[in-house]
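The structure's right below; bear with me while I get my questions together.
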Amino acid sequence: MSRLAYGRDYEVVQWLRPEPMTVEEAAGQQKIEDVDFEIFRHKMNMIAQEGKETTMKLGASTGMRWGDVAFAIYTAQGDLAVVATGIWFHAVLGQIPVKYILKHFADEPSVRLKEGDSFFWNDPFYGGVHGADMGLAVPVFDQGKLVCFVGAVVHTGENGATDPGGMSNTARSRYDDGLLCPPIKVGERYTLREDILTMIGSHVRDPRTMILDIKARLAASRIAERRIQEVLGDKGPEFFIGGLRRILSVTAEAAKKKVALLSDGVYRQPRFLDTVGTESALVKINLTITKKDDGFKFDFEGSSPMFPDKPLNTYFHGILGLAMVYFCGWFFYDLPANNGLLETIEWHFPEDSFINAKGEVSTGLAPFPQTAFTLGMFLCGARMSYGLDPLRAVAAWYTGFGAPMFGGINQWGEPMADTFAELNATGCGARPDMDGVDCAGSYFATMSDCGDVESTEEDRPFLYLFRNYFRGSYGHGKYRGGAGLGYCLIPSHVPGVVLGAFGYGSKFPATVGIFGGYAVPPTFVQTVRGSNMKELLAQGSPAVPVNAEQAFQGNGAETGRREFHHSSMRIQPFQNGDTVYLPVGGGAGYGDALERDPEAVVADLRDGMVTPWAARNIYRVVYDDETLRLDREKTQALREGARARRKQRGKPYGEFEKEWLKLRPRDEVIKYYGTYPVSRAT
Amino acid sequence: MKVRITEYLEIDLAREKWCCRRCSRELAGARENYKTGCLVAEVPLQEVHDPLVQGGEFSFCPDPEFCRLIEFYCPNCGTMIENEYLPPGHPLTHDIDLDIDALKARHRL
């Protein structure tokens, strides 16, 4: 093998921005009329969209079926040009494996690139996120000339790691992270190689889903290849190559113009994670964004050190991939999503930090620091955007995950290992002009869905006791975050399963608000072993809880051993009939809760979307308990009193800071943090 | 001339002052942290986050061993201009540190 001694390629992972323009790309652009370009771009978008839909229709895993899919068209140099997705980070990170293939295999006699080839990968060192995220790409040729790649990146959800279901919260090194496959040729002459598929399938707990997902990615890619060849036949390769490059060029140019409109300055957001594996402990991502002229610089100096034996590390490009989630979905929402946007960013990651993983450390929970960072993007982004366009200054959607992963044998006798799609049912962050949408989706996968209860029950051995809005799940404010879900799973139809959960924010809120809006409450898991819930159901008992609030408060009717667990609950066995209760976080709040329209609070009371406790104690609304009739005068007086008490309670900044800085968490809480409060490697 | 910065903050460019957008109170110099002109309070977490469950290791209220809630108020009108959830004793964040000269140039001042 040329140029690589079977180790990792630390160079190719730096190639996130567009490659230098080739002579052919430059020449091709010159000959494209504006109208032709728009038609071409639309066609490419439609091809990608069809690829995404096809992948979803054919796939088997939870992630693939419910939309955790990015289908992309890459240039012949590997740059992401067009993508259909709401899961933007896979789109931009998918280009690194493609560039790896080009760098190492295009001229390698034992591999080479040929028509009909297909390549697979899931090593997060190249894919950027974690081992459960897997990609497949195929090269597309015109008369033997490489013109582009197409492919899909999808969360398949099980890759044979220490814990089933793709989120290994007990992994201690990368060798506990399961199958981590760098880009490898899995098919040639339009045929998948059964020996390779057998090898991949033998590494995971659910080979059927693994292989079906690979075939779904490939089928969608072949359809896209056919569509592109139709365009090539019509327009020729010079137009096509120039057109793809022009998409990148116009995107980068427009992005720089937009960035230039923001106020220059430094924006700081130290973000905190409260979960290390299955332990509660604090670590920090120290985000500083310097905006000057038409660019940003991201600096992470002062972040916590790398974990030698915990799975919370992430590769640096995973962080940048998540920056693209905010950029594509919010700040550059009106621009094409491609790596031309990255022309506006420079970055600096400290060498010794858990957000710049090196060596053999585990990255099994890399999505945690990545999403915690994205909260910083929302918070900095709102402060940068408000002056330009207040309506884009929104609070964050829930960032802390909080979903079960499971393994075992399903009711059809087949092995299973996956997660549940409810992590796609978080609430939307509140906005400057309205409440967040309830159960809007997932901010990092905005086109995904939480799935149907009935579909899940059909092939997973679980009964849903309930699944509905949880009014204790969002952040309060002038506008409130959208509600998340509460749901209860009961293992059924089989003797038992193993089940754990992944998430953070059980001690320190995962998602905080903006401009005085409050944070999303903590989330955690409740289980009852040896529960009598099935008996209560059989009796038609009115004591059966119908939502998370009732379930967590408990009414004494459910018997058994009740336990509370961290959002990252260690994987453990559960028996048929045990109950598992889970909340899904809502959106964060926007603005001072005392400015919320009292009528909106009463409307939420009528709809069961706010608790009487919050209406009185946070929103300071006076109403008749029976009729819910608002008393405006008393509400106004109550709020004026609350503002007066704030002024009595508040201290001048210097006086407050003097006492505040004397505080410090217990050593146990900051044992992984680095030096406190300014984190440095220890 | 005043330019809006957040829901509750604006900058008087001529006077180089952070101001409250609800009552126009001058808070601090525009080249300083606006929070230095606010009243600051640590608010007990249970005032804002109803625990729902009691006595366990977890509840729906953040754990004060990990997290505290700091609120920043306008000294005149009492509006909550911002809040921060921070570990105990972690320095308060200078979150918006604008290049005032560039801002003035943008607005031709």
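In what follows, chains are A, B, ... by sequence order, proteins preceding strands, each numbered from 1.
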TODO: May I ask you to decide whether R649(A) forms a salt bridge with E71(B), counting only side-chain N to carboxylate O separations under 4.0 Å?
DONE: no

- [ ] Calculate, to the nearest 0.5 Å, the distance between atoms CE and CG belonging to M384(A) and L98(B) respectively.
- [x] 11.0 Å

Open item on the list: Centroid separation under 6.0 Å, is that true for the rings of Y386(A) and Y8(B)?
Closed with: no

Open item on the list: With a 4.5 angstrom heavy-atom cut-off, is it the side chain or the backbone of H566(A) that approaches chain B, or both, or neither?
Closed with: both

Task: Interchain contact, E640(A) with chain B, by part (heavy-atom threshold 4.5 Å) - done: neither

Open item on the list: Heavy-atom cut-off 4.5 Å, strictly under: side chain, backbone, both or neither for L661(A) against chain B?
Closed with: both

Task: Contact class of L262(A) relative to chain B, heavy atoms under 4.5 angstrom - done: backbone

Task: Near-ring test F272(A)/Y85(B), centroid separation under 6.0 angstrom - done: no

Task: D95(B) (side chain) donor-acceptor with Q269(A) (main chain) under 3.5 angstrom - done: no

Task: Side chain, backbone, both or neither of P75(B) within contact of chain A (heavy atoms, under 4.5 Å) - done: backbone

TODO: Would you name the heavy atoms of L103(B) and S263(A) that are closest together and state the gap between them?
DONE: CD1-OG, 3.4 Å

Task: Check ion pair E65(B)-K507(A) (N to O, under 4.0 angstrom) - done: no

Task: Y34(B) and Y653(A): CA distance, side-chain angles, deciding distance, ring pair (Phe, Tyr, Trp, His ring centres under 6.0 Å) verdict - done: CA-CA 10 Å; Y34(B) 67 87; Y653(A) 185 94; 9.5 Å; no

- [ ] Taking all heavy atoms of L282(A) and all of P87(B), pick out the closest pair and write down the distance.
- [x] CD1-CB, 3.7 Å

Open item on the list: At a 4.5 Å cut-off on heavy atoms, which part of V3(B) comes close to chain A: side chain, backbone, both, or neither?
Closed with: neither

Open item on the list: Taking salt bridge (Lys or Arg N to Asp or Glu O under 4.0 Å) as the criterion, tell me which of K291(A), R268(A), R383(A) meets it with D97(B).
Closed with: R268(A)

Open item on the list: With a 4.5 angstrom heavy-atom cut-off, is it the side chain or the backbone of R106(B) that approaches chain A, or both, or neither?
Closed with: side chain

